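Computed over heavy atoms, backbone and side chain alike; hydrogens, waters and symmetry mates excluded. A quick note: this is a predicted structure, and the numbers were derived from the prediction, not measured.
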Amino acid sequence: MRHEKYVEINEAILEWFKTVRAKEITVSGPMIQHKAKELADALEIENFSASNGWQDRFRIRNNIAFRSLCGEAADVDPSLCEDCQERLPLLLAGYDDEDIFNMDETALFFCALPNKNMI
């Protein structure tokens, strides 16, 4: 049985991951790798490479899966929308109805967000 080489980084990344997911923020593999590299630099750990192999082993050790997202139930807290609902008519006053689009009706939105998440 092999021992973990970078225990400090692995524990710190796992805590970061749990914190970010508790806030329902989408996490991808490259985000985990980037954060691991940042922590290695901050902890002054040399020769650490946040490679795909490291990431795969990290995910397996911590039972992290990469799954498709579905539904919009946890997207926005409805209480945060009240202020925007009051200001919206003022913001839209100078525009014609045919010039107003819902963001998810645009191709840019379709390409901008991932449809899978680490959980």
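Residues I13 and I25 share a single hydrophobic cluster, defined by chaining ILVMFWY side chains whose heavy atoms lie under 4.5 Å apart.
Within the 4.5 Å cutoff, no side-chain heavy atoms of E15 are placed close to those of E11. Looking at heavy atoms from C-beta onward, N62 lies out of side-chain contact with F17 at the 4.5 angstrom threshold.
Here the straight-line distance linking atom CD1 of I32 with atom CZ of R59 works out to 7.5 Å at 0.5 Å rounding. Residue L92 holds its CG atom at 4.5 Å from CD1 of I100, rounded to the nearest 0.5 Å.
In terms of modelled atom types and a separation under 3.5 Å, the side chain of Q33 and the main chain of A50 share a donor-acceptor contact. Checked by atom type and distance alone, the side chain of R57 pairs as donor or acceptor with a backbone atom of G53 at under 3.5 Å. Judged by distance alone, the side chain of D99 and the main-chain N or O of Y95 form no donor-acceptor pair under 3.5 Å.
Taking both residues in full, the closest heavy atoms of V27 and R21 are given as CG2-CD, 3.9 Å, listed atom of the first, atom of the second, then distance. Between L39 and A12, the closest heavy-atom pair is CD1-CB, 3.7 Å.
Open room surrounds CD on E44; 12 or fewer heavy atoms of other groups in view lie less than 6.0 Å from it.
Here E8 pairs with nothing under the salt bridge (charged side-chain N to carboxylate O under 4.0 Å, His left out) rule; sequence neighbours left out.
Annotation: ring pair (Phe, Tyr, Trp, His ring centres under 6.0 Å) contacts involving residues 22-52, sequence neighbours excluded, comprise Y6-F48, F48-W54.
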